Chemist: 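Just passing along the structure, written as C-alpha cells.
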Amino acid sequence: MTPRLADYIAAGRALDADERLDAAHQLLLSVDHDTGTDQADIEVVDRRVVEILDGTANLVDGHEAHAQVRAEIAALRK
C-alpha cells in the first residue's frame, strides 16, 4: 500500500458509516471495466438494499427458498 493510499483510507475512516458506504460505492463504480452490470441493475440493487434496511422487504429464509425452488423444479418434471 502506498503512503498516498494509506492517507486516503485513514481519511475515509473519519467519515460516518453512510459516507463510507457511499465512498466505497462510488469507488467501485469508478473502476473502468465491464462488469456486465448496467445502471438499471445498480438501481435495483440500491432499491433492494433500502427495502431491506427499512424493513419493507419480504425476506425469505435461505433454506426455505431452496426448498421452494426444488419443489417447483420437481413439479415441472412431472
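These numbers come from a predicted model, not from an experiment.
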Chemist: Just wondering, are more than 12 heavy atoms of other shown residues or ligands nearer than 6.0 Å to NE2 in His25?
Modeler: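 Enclosed: over 12 neighbouring heavy atoms sit under 6.0 Å from NE2 of His25.
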Chemist: Applying salt bridge (Lys or Arg N to Asp or Glu O under 4.0 Å), name anything that partners Arg48, two or more places apart in sequence or on another chain.
Modeler: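 Here the qualifying residues are Glu51.
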Chemist: Which residues satisfy the side chain to side chain contact (heavy atoms under 4.5 Å, CB included) test with Asn58, sequence neighbours excluded?
Modeler: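 In terms of side chain to side chain contact (heavy atoms under 4.5 Å, CB included), with neighbours along the sequence ignored, Asn58 is linked to no residue.
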Chemist: Testing the basics here: between Val60 and Ala65, what is the closest heavy-atom pair and its distance to 0.1 Å?
Modeler: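 Closest approach of Val60 to Ala65: CG1-N, 4.0 Å.
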Chemist: Please determine whether residues Val45 and Leu53 belong to a single hydrophobic cluster, defined as Ile, Leu, Val, Met, Phe, Trp and Tyr linked transitively by side-chain heavy-atom distances below 4.5 Å.
Modeler: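 Yes; Leu53 is reachable from Val45 via cluster members.
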Chemist: Can you tell me how far CG of Leu59 sits from CD of Glu64, rounded to the nearest 0.5 angstrom?
Modeler: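 The distance works out to 11.0 Å.
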Chemist: Taking side chain as C-beta onward, heavy atoms only, is Val69 less than 4.5 Å from Ile73?
Modeler: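 Yes, at least one pair of side-chain atoms sits under 4.5 Å.
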Chemist: What do the steps show when you test Asp22 against Asp18 for side-chain contact (heavy atoms from CB on, under 4.5 Å), and what is the final call?
Modeler: CA-CA 6 Å; Asp22 189 39; Asp18 288 334; over 6 Å; no
Chemist: Could you go through the side-chain contact (heavy atoms from CB on, under 4.5 Å) check for Glu43 and Asp46 one step at a time?
Modeler: CA-CA 5 Å; Glu43 290 170 6; Asp46 288 344; 5.5 Å; no
Chemist: Of the non-hydrogen atoms in Arg20 and Leu15, which two are nearest, and what is the gap between them?
Modeler: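 Arg20 and Leu15 have their closest heavy atoms at NH1-O, 2.6 Å.
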Chemist: Apply side chain to side chain donor-acceptor pair (under 3.5 Å) to Glu72 and Gln68, showing your working.
Modeler: CA-CA 6 Å; Glu72 290 175 10; Gln68 181 180 357; 3.2 Å; yes
